[in-house]
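Since this is a predicted model, take the numbers as computed values, not measurements. Order of appearance sets the numbers: ligands from 1, and atoms from 1 within every ligand.
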Amino acid sequence: MLIGLVGKPSVGKSTFFKAATLAEVEIASYPFTTIKPNHGVGYVKVECIEKEFNAKCNPQHGFCLNGKRFVPVDLMDVAGLVQGASEGKGLGNKFLDDLRQADVFIHIVDASGTTDAGGKQTSGYDPCNDVLFLEDELNKWFFNIMIKIWKGFSRKAEQENINFSEAVAKQFSGLKVNENDVKDVLLKLNFEKKPSQWAEAEIMKFSSELRKHCKPMIIAANKADLGNAGENIKKLQDRFPEYMIYPCSADSELALREASKAQLIEYIPGEEDFKIVGKLNDKQKGALDKMKKDVLDVYGGTGVQEVLNMAVFEFLKYVAIFPAGATKLSDSKGNVLPDCFLLPPGSTALDFAYFLHTDFGKNFIKAIDARTKKALGKAYVLKHRDALEIVTK
Ligand SMILES: Nc1nc2c(ncn2[C@@H]2O[C@H](COP(=O)(O)OP(=O)(O)OP(=O)(O)O)[C@@H](O)[C@H]2O)c(=O)[nH]1
Ligand SMILES: [Mg+2]
């Protein structure tokens, strides 16, 4: 699973990325601070199952704080996109290319309205424009890739009687397009003409729908700590009811995580409060008080963790699964509940076995629910926070 952070310049993509990963990346108030993409590991937060088993887990990936398990997800922060990027404006197509492998986008917008379309400082900018332009650019990006080869490609598929959805998926596999995505889109559009007869408008419609399907997007309304953000967030939510829109303050999350790393405060990402444990000077104390009053008390958290969780669990509907022996929770090295994995919705016990190891899949006999000790067949559909043992031949 790869989450791409996208948006126009200076909205706080790198700040969000740094807050989520604590990787050292450049952050600045001028546009195009980021040029080369940043890759890092962030975490989604899951209620750990350790308590139910009266145990203390030792995660081998991620970590567990106060019963909250943080499960790794890959994040990518790219250069800012500007209008016309698909035609080469700004930094052009290069970083659209960087986004090819993303499964989902978090579109970071500046909800405070203090950056213009090019990422320069301004006031009173309507963040609704950001949503419209980004959709447009992403759609054109898919369209430009399709249009180049469409005539020849569609004619060949028809002449040779090749399954069209499969052919499109193959051709665009670099964009993580799969056959079912194409089938769903074709069904939805229900065009009468054969693909080789489609006019540009139809190819555009098809490209846009496919983009929406393959690169779905949620919106992080960032800089929620600043002046007009509250009003703008409401405006965004009213104007775009089809989107999940969540307020956040990446800057606050970064400050809290850094203060926590420096052992000045105890803070669990995503919580609405923190505890002072170190010696703070007046400036640090003032900054933390302000954050508490302007962000945590208003929004119930900084929103960064919530946005990541929303993308993975509410939007993509992934489930977190703990491999766990029915009689023993630890692995061969004595690590208790060492792993927690994210699987796509609808995954079965057999999918989970294959996910763990091809041999587990091939030799699958049954799964056992570690809570109830009940046996589950290969078609069992995994539920969020299941704890399962796979029994093999
Ligand atoms: N007040 C406030 N400022 C923020 C927030 N997030 C980011 N900023 C500031 O916004 C400016 C731009 O942040 P970056 O993270 O560099 O933005 P970016 O989207 O990565 O920009 P490019 O790499 O140029 O596309 C910096 O001055 C940040 O400190 C926030 O939540 N609140
Ligand atoms: Mg950046």
* What atoms of ligand 1 come within less than 4.0 Å of a heavy atom belonging to Gly80? -> 25 (O)
* Would the Phe206 and Trp150 ring centres measure less than 6.0 Å apart? -> yes
* Asked: Taking the non-hydrogen atoms of Ala28, is any one of them nearer than 4.0 angstrom to ligand 1?
  -> yes
* Residue pair Thr33 / Glu26, side-chain donor-acceptor N/O under 3.5 Å -> no
* Leu226: numbered ligand 1 atoms lying under 4.0 Å from its heavy atoms -> 1 (N)
* Output yes if Asn38 passes the N/O/S-under-2.8 Å test against the Mg ion (ligand 2); output no otherwise. => no
* Asked: In terms of residue, atom name and distance, what is the protein heavy atom nearest to atom 14 (P) of ligand 1?
  -> Thr15 OG1, 3.6 Å
* Which of the atoms in ligand 1, numbered in the order shown and given with their element, are less than 4.0 Å from a heavy-atom of Lys13? -> 15 (O), 17 (O), 18 (P), 19 (O), 20 (O), 21 (O), 22 (P), 25 (O)
* Do the side-chain N and O atoms of Tyr243 and Glu135 include a donor-acceptor pair separated by under 3.5 angstrom? -> yes
* Does ligand 1 have an atom under 4.0 Å from some heavy atom of Tyr30? -> yes
* Selection from Glu26, Lys18, Lys223 by shortest heavy-atom distance to atom 9 (C) of ligand 1 -> Lys223
* With no hydrogens and no angle check, is any side-chain donor or acceptor of Tyr267 less than 3.5 Å from a backbone partner on Asp273? -> no
* For atom 6 (N) of ligand 1, find the nearest protein heavy atom and state the residue, atom name and distance (0.1 Å precision). => Asn222 ND2, 3.2 Å
* **Atom indices of ligand 1, in the order listed, that fall short of 4.0 Å to a heavy atom of Ser249** => 31 (O)
* To do: For Asp225, take its heavy atoms, then give the atoms of ligand 1 lying under 4.0 Å from any of them.
  => 1 (N), 2 (C), 30 (C), 31 (O), 32 (N)
* Asked: Of Asp181, Val182, Asn180, Asn178, which is the lone residue that meets side chain to side chain contact (heavy atoms under 4.5 Å, CB included) with Ser165?
  -> Val182
* To do: Using distance alone, decide if ligand 1 has a nitrogen or oxygen within less than 3.5 Å of any nitrogen or oxygen in Ala250.
  => yes
* Consider ligand 1: state whether an atom of it lies below 4.0 angstrom from any non-hydrogen atom of Gly119. => no
* **Metal site the Mg ion (ligand 2): N/O/S of Thr15 inside 2.8 Å** => no
* On the 0 to 90° scale, with breaks at 30° and 60°, tag the Phe172-Phe153 ring pair as parallel, tilted or perpendicular. => perpendicular
* Asked: Atoms of ligand 1 less than 4.0 Å from Ser14 heavy atoms?
  -> 15 (O), 18 (P), 20 (O)
* Should Phe32 be counted as touching ligand 1, given the test is an N or O pair under 3.5 Å? -> yes
* **Donor-acceptor pair, side chain of Glu389 and main chain of Ala326, under 3.5 angstrom** => yes
* Using a strict 4.0 Å cut-off to heavy atoms of Pro31, name the atoms of ligand 1 that fall inside it. => 24 (O)
* Tell me: protein heavy atom nearest atom 5 (C) of ligand 1, and distance? -> Asp251 CB, 3.3 Å
